[in-house]
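One structure is given here, and the rest of the page talks about it.
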Amino acid sequence: MKHDNSYTGQDFKVIGTRVKRPDGIDKVTGRARYGADASLPGQLVGRILRSPHAHARIKSIDISKAEALQGVKAVVTADDMPVPQGLPGDLAHMLENSMARGRALYDGHAVAAVAAIDAKTARKALQLIEVDYEPLPHVTDVDAAMQPDAPVIHDWIYTSGVDPKPEKPSNVVQRTEFGLGDIDAGFAEADVVVERSYKTEATHQGYIEPHACLANIRPDGSGELWVTTQGPFVYRNVCAQMLGMDIAKLKVTSSEIGGGFGGKTHVWGEPVALALSRKANRPVKLVMTRDEVFRASGPTSSTSMDIKLGATRDGKLVAARAEMRYGNGAFPGIWGMLSCMTSFACYEIANCKAIGYDVVLNRPKVAAYRAPSAPMAAFGVESAMDELAAAISMDPVEFRLKNASREGGQSHYGPVWGPIGIRATLEAVRDHPHMKAPLGPNQGRGMACGFWFNIGGQTCSDLNVGIDGTVTLTVGTVDVGGSRASLGLIAAEELGIAYEQVSVNIGDTGSLGHNDMTEGSRGTFSSGMAAIFAARNTIEVLRERAAKMWGIPVEDVTWEAGQAVAKGSAHGNLKPLTLKDIAAKSPKTGGPIAGHNEVVADGAGVSFASHICDIEVDPETGATKVLRYTVVQDAGKAIHPDYVEGQFQGGAAQGIGWALNEEYIYGKDGRLQNPGFLDYRMPVCSDLPFIDTKILEIPNPGHPYGVRGVGETSIVPPLAAIGNALSNAVGVRMHHVPMSPPRILKALREAEREAC
Amino acid sequence: MSGVLVTTTINGDAVQFACPEEETLLDALRDRVGLLGVKEGCGTGDCGACSITLDGRLVCSCLVLAAEAEGREVTTVEGLVEGGKLHPLQENFISHAALQCGICTPGFLVAAKSLLDRNPDPTETEIRYALAGNLCRCTGYDKIVRAVQSAAKEMRAAKPA
């Protein structure tokens, strides 16, 4: 799709200003309603019983005692959630992930659920459900799961993407490969080669609001779902298909969302809540505990990687190879494939090959987490880049700059690059005062780069003009971090009116056509595009109405700075009509004034970032403190700079947590040992410094204002940036994330022993 | 079914409710008093989303039994607005973009107010440690700390010497 790019680089009036978000007051006064904050008459409390086993056959489930308990209104198992005929495979997996079907596939897998008059009764009922398990061999480590003697989790998985096609099932879902050139020839050209293996542990998105919903299925089979989600339209489609309902008969309303980061793009307990409501014939509220969020909603992949890079002495990257093994949890995913596509995107490498394996494990089904799969691959590649720079005695920033991808170049995963920001972010890093600040003992500085695709997708919006000339923009993308403000600015800019004249409304599935989720950094990009086109559509209507009011041809009416202006000498005496003037007369000139747009928002611009961090390591404890952190990222065009900075800072903080502390720890029994915020330690306020940001604006030609998505790339560089800083601080190179105190201490002790 | 009748003061109002003995103050505030600004993020005192003050002391309401509120004074985020005006912390959280999703915001506001009540001129480090019991996953805390600094400054300026 071609866009009119004449606006790019224009002199914006309100775009780029730091206005107050319209939902701010509700959110600072406790009035904003999140997933757990809704209620309906006669609602019940839902609770889910979960497997204590990593892998077990469910021989029988006896629900009779639970059903007989006073106050229990429904008990459901997989028997109450049959697979509708023709349900696509991925949805069948999601359904089985929501409720185990004959086998529990991980610690925390749902096996039954109850709806009761209160939480106490529901908890008691769960204890009365008798499940007869036969424990089966399990595997939670990605390398172990690929071994020939590993327990095979699904007998229907035959590795795709390998030739010849395997004769036996295994845990390897698929092998994918992306690349360019001839890597053997490339490595033969190299003067220096660095080859290393890395591991990263699984992390959780860590949104503070647990999954929560209120399901209401009526006796006629129609229903509604209030839910914390990144995509009400997708949840509607998915849940309706899983439950065998007509899509139009299920209305989904997204609550305010208390963080998602990808974890709320996927349904977990929602189909169960709907099944409970259907069986009980009452509304059912289902809210996960934090323990359930960790054990049963999507973490990231745990990974294992081999990275090999080769360069000439004068600093040219001539060959690269990556083999990356990504855990998918209990059901197939595309996470290894995404790692391939992101791994080498920052650099122009004539000969490279990225190979990805997707592997099922007895762990919860993996879901997207902010730039999914990219941070781990970047940890490997960007760590090796620093080692390679050191091996040829080149400054790591200069080395990256020398090899940075450029406009017109061929990416290793397919597209030819348009205007991109990798080089600009590296130059900004090179010239940043942070790079020259002094460092003390046990302190070190590191930097790393990151890439994310960004996506567009299906989007629509309505813009309605009130009779007083105020405007309501309705969009279908959930506001996860201030997008109402950005979209309000866009509508105001297009119409030429004040930001305060615009209200932004997040539509439910009954009020708009389908919208894809708020994911892939598409919220402001795609809804912004739909808002622009809806506003331009509205302006057409406004011009027609003004022409009618004046009794002149519409061709003689233009829209300038929020008013209709009659053009031509014949109309010299006509005073411009404001939006307010036209709106006031609308009942008599044709009725309500509205603009609409439905679009597949093609043209998402890729996003690059480069980060700098300073850390200090305590050699006694192995604890690492982040002293200073700078994020440089290309935003294309920052609609609301505060919320762009907020995305940069938030992603960096999540990456810092991942780098230093966060990990899923499994016991030999295959059970998750740290399903709580005390033992799964996310960064707190006293762990972090201020996070400096520098927004670069290299316009994306695929968007009328040049916007790129900004939400995800910032989580990609921190793992390697911190690893590189650690190496510079204390001389040990970490190959295993998180770089937690025990791992660092072990590496320091080993280095000491080797030095003796 | 046994239970307790609790008579307490919440955000300055006399309130009475009945609940089971084992019910947490968090659940009672949300489900019986209707103060939904008090959020549950973990139920184990690790995230601070349910922060309130009890007789002026900052606590996680998920770790307090509702019955313990008997005869005491509870303040929640709903009690920060005075005379129809937002508290300077609330104003500054909005103007500094100190919230993204906003689920942790009520807890942060209560914790920050508790800090400024005790220490009107905290250092950055003091702010960071005072807020270390509250998890935010969206912001990286940068804009939260700046909002608290700005609110503290405004409040000091507004206070007669």
Side-chain angles (χ1 to χ4, degrees), chain A residues 18 20-21 23-34 36-37 119-120 205-210 256-261 287 289-291 479-482 485 629 640 642-643 645-654 656 676-678 682-693, chain B residues 20 22-23 27 30-31 35-49 76-78 80-81 86-87 89-91 93-109 124-125 127-146:
Chain A
R18 298 176 189 248
K20 290 182 186 177
R21 63 192 290 168
D23 52 333
I25 291 177
D26 280 355
K27 285 179 177 163
V28 300
T29 54
R31 292 180 208 172
R33 294 198 311 151
Y34 293 83
D37 300 338
K120 192 175 176 178
Q205 297 86 349
Y207 31 83
I208 307 302
E209 179 199 30
E256 292 303 324
I257 178 172
F261 315 107
V287 181
T289 62
R290 180 54 55 181
D291 173 275
D479 180 354
V480 296
Y629 204 97
H640 191 308
D642 275 347
Y643 292 105
E645 291 164 4
Q647 291 297 319
F648 292 5
Q649 292 163 336
Q654 287 183 319
I656 290 168
F677 282 142
L678 189 63
M682 309 199 310
V684 300
C685 197
S686 54
D687 292 329
L688 296 174
F690 284 122
I691 297 170
D692 295 332
T693 56
Chain B
E22 73 275 16
E23 184 158 298
D27 285 346
R30 286 181 57 84
D31 300 340
L35 294 174
L36 295 169
V38 191
K39 303 298 182 193
E40 177 168 343
C42 67
T44 52
D46 298 314
C47 79
T76 70
V77 70
E78 287 90 345
L80 296 194
V81 174
L86 293 182
H87 188 277
L89 278 162
Q90 293 172 309
E91 288 283 6
F93 265 59
I94 297 173
S95 60
H96 283 78
L99 53 140
Q100 286 180 31
C101 82
I103 193 86
C104 69
T105 307
F108 267 96
L109 288 165
E124 182 202 331
T125 303
I127 293 171
R128 288 189 180 277
Y129 278 87
L131 300 179
N134 295 74
L135 288 174
C136 169
R137 192 59 156 171
C138 294
T139 65
Y141 306 102
D142 184 293
K143 293 182 191 298
I144 292 176
V145 175
R146 291 180 200 278

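The structure presented is a predicted model; accordingly, all values stated were derived computationally and were not measured. Below, chains carry the letters A, B, ... as their sequence lines are ordered, and counting in each starts from 1.
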Tell me, out of [options], who's got the most heavy-atom pairs with chain A below 4.5 Å.
{"options": "B:Q100, B:E40, B:R30", "answer": "B:Q100"}
{"options": "B:G48, B:G37, B:P106", "answer": "B:G37"}
{"options": "B:I94, B:L131, B:T76", "answer": "B:I94"}
{"options": "B:E78, B:H96, B:E124", "answer": "B:E124"}
{"options": "B:L99, B:V77, B:T105", "answer": "B:L99"}

Kindly compute the distance separating CD1 (A:I691) from CG (B:D142), expressed to the nearest 0.5 Å.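 Rounded to the nearest 0.5 Å, the CD1-CG separation comes to 6.5 Å.
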Taking atom CG of A:D291 and atom SG of B:C42, what is their separation to the nearest 0.5 Å?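 Output value for this atom pair is 11.5 Å.
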Has A:R31 got more than 12 heavy atoms of other residues, nucleotides or ligands less than 6.0 Å from its CZ?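 Check fails, neighbour count at 12 or below.
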Atom CG of B:L86 with >12 non-hydrogen neighbours under 6.0 angstrom: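 Above 12, so yes.
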Should A:F690 and B:V145 count as side-chain neighbours, where that means a heavy-atom distance under 4.5 Å?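 With C-beta onward as the side chain, the pair touches.
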Check: B:K39 and A:D37 side chains under 4.5 Å, non-hydrogen atoms: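 Yes; the side chains approach each other to less than 4.5 Å.
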Taking side chain as everything from C-beta outward and backbone as N, CA, C, O, which of these in [X] sits under 4.5 Å from a heavy atom of chain A? Side chain, backbone, both or neither.
{"X": "B:A49", "value": "side chain"}
{"X": "B:S95", "value": "both"}
{"X": "B:L80", "value": "neither"}
{"X": "B:L109", "value": "side chain"}

Counting heavy-atom pairs closer than 4.5 Å to chain B, which one of [options] comes out on top?
{"options": "A:Q649, A:K27, A:K20, A:Q654", "value": "A:Q649"}
{"options": "A:E256, A:H640, A:E209, A:R18", "value": "A:E209"}
{"options": "A:G259, A:A653, A:G482, A:S686", "value": "A:S686"}

Using non-hydrogen atoms and a 4.5 Å limit, figure out which bit of [X] sits close to chain B: side chain, backbone, both or neither.
{"X": "A:I257", "answer": "backbone"}
{"X": "A:T29", "answer": "both"}
{"X": "A:I25", "answer": "both"}
{"X": "A:F261", "answer": "side chain"}
{"X": "A:A652", "answer": "neither"}

Provide the closest heavy-atom pair for [X] versus [Y] in the form atom of the first, atom of the second, distance.
{"X": "B:L135", "Y": "A:M682", "answer": "CD1-CE, 4.0 Å"}
{"X": "A:Q205", "Y": "B:R137", "answer": "O-NE, 2.8 Å"}
{"X": "A:D642", "Y": "B:K143", "answer": "O-CE, 3.3 Å"}
{"X": "A:L688", "Y": "B:R128", "answer": "O-NH1, 3.0 Å"}

When you measure from the side chain of [X] to the backbone of [Y], do you find a donor-acceptor pair of N or O atoms at a distance under 3.5 Å?
{"X": "B:Q90", "Y": "A:V28", "result": "yes"}
{"X": "A:R290", "Y": "B:G41", "result": "yes"}
{"X": "B:Y141", "Y": "A:P683", "result": "yes"}

Can you list the residues that meet the ring-ring contact (aromatic ring centres under 6.0 Å, His included) rule with A:Y34, with sequence neighbours excluded?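 Partners of A:Y34 under the ring-ring contact (aromatic ring centres under 6.0 Å, His included) test: none.
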According to ring-ring contact (aromatic ring centres under 6.0 Å, His included), who are the partners of B:F93, at least two apart in sequence or on a separate chain?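 Checked B:F93 against ring-ring contact (aromatic ring centres under 6.0 Å, His included); zero matches.
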